[in-house]
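One-based numbering, in listed order, for ligands and for the atoms of each. In this text, all values refer to a predicted model and were calculated from it rather than measured experimentally.
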Amino acid sequence: MSKPKVFVTRAIRDHGLDLVKEFCDAEIWPDELPPSCEVLLEKVRGMDGLLCMLTDRIDAELLDAAGPGLKVVSNHAVGFDNIVVPDATVRGIPVGNTPGILTDATADFAFALLMAAARRVTEAERYVRAGQWKTWDPSILLGSDFVGATLGLVGFGRIGRAVARRASGFEMRVIYFDPGASPELGLNAGPVDSLDELLRQSDFVSLHVPLTPETHHLVNADFLNKMKSNAVLVNTSRGSVVDQDALFAALKNKQIFAAALDVTDPEPLPLDSPLLRLENCIIAPHIASASEKTRNDMAVLAAKNLIAGLKGERLPHCVNPEVYGH
Ligand code: DGY
């Protein structure tokens, strides 16, 4: 019997790729850069399954280009704002994602960014390499303390909670704003009633919300105005949750102390972005989940979602379970 045909939009880690190849007749996009929209439209034609990245836009046009045989879309990410999910749902196509397994790696990196921004690690490293380190100095590169400081989490899902656990090891006070979240016993974190209240109290603000029309540019001039002048902003969610022009102004005018972004809009951030000229802004290339184990596990879960969809089984992690009708 012939194997189902799938297109994989980037070489994922072998742990997952081997599973895909065992079960499917797979075409794997070989380039470092993602396929363009035009190429993707071409490549999906006649496919039974698609394993895609957060860099691929999946919408009605693409699903129609694939044709009626497409049984599953498996996203190699927990976030799925690159997919117009209702377009898949109306066609009865389940969409898979990779929640849970990247929680710790992402929380670790959010905390690494928080510490690096507060203690000016990247700035200090540039200072040394530029030959500016003349002697021990009581007053250079002073940063912020963690013990007793308040960390405000915008969003209290899996990753927000994992960041809260790390913060308690640093004896920080943790508050969160997430109207939909249930409190978690054993976590030393308390809810606040409004975002304004969170911003008024927080020395560190870390974003853990999905990108939706409601969270697009959630961090705007008004949000930044309400932050404390010593505050550090960390974003490991999605770039367009932050209005980068407003952030640039707030950082340049020292309205807030620093920001650290793992995600930007667009990605990659153009080299002429003014944010790259600021000493108090750290930019990383969307690598919060980039630990060896996590990326292997993501590849395996994305492969399992794909294969389950091809077999007509329920996906281990499906973002649109309504396609199953129960
Ligand atoms: C995700 O999975 O959504 C991250 O942004 C990349 O790992």
*Output yes when the distance from some N or O of ligand 1 to some N or O of G79 is under 3.5 Å, and no in every other case.*
yes
_Just to confirm my output: which protein heavy-atom neighbour is closest to atom 2 (O) of ligand 1, and how far is it?_
V78 N, 2.7 Å
*Identify which one of D203, L199, T150 satisfies the side chain to side chain contact (heavy atoms under 4.5 Å, CB included) criterion when paired with K228.*
D203
_Atoms of ligand 1 close to H286 [distance to a heavy atom under 4.0 angstrom, numbered from 1]_ = 4 (C), 5 (O), 6 (C)
*Would you say Y127 and L278 are hydrophobically clustered, going by side-chain heavy atoms of ILVMFWY under 4.5 Å?*
no
*For L102, take its heavy atoms, then give the atoms of ligand 1 lying under 4.0 Å from any of them.*
2 (O), 7 (O)
*Hey, does H76 come in under 3.5 Å of ligand 1, counting only N/O atoms on both sides?*
no
*asked:* Within the 4.0 Å heavy-atom shell around S289, which atoms of ligand 1 are there?
replied: 6 (C), 7 (O)
*Are any of the side-chain heavy atoms of V84 and I58 separated by less than 4.5 Å?*
no
_Any side-chain donor near an acceptor of the partner, R126 and Q132, under 3.5 Å_ = no
*Determine the interplanar angle of the F170 and F146 rings, folded into 0 to 90°, and report it as parallel if under 30°, tilted if 30 to 60°, perpendicular if over 60°.*
perpendicular
_Within a 6.0 Å radius of atom NZ on K5, are there more than 12 heavy atoms belonging to other residues, nucleotides or ligands?_
no
*Short list, please: which atoms of ligand 1 are under 4.0 Å from a heavy atom of L54?*
5 (O), 6 (C)
*Any idea which atoms of ligand 1 are less than 4.0 Å away from a heavy-atom of R238?*
1 (C), 3 (O), 4 (C), 5 (O)
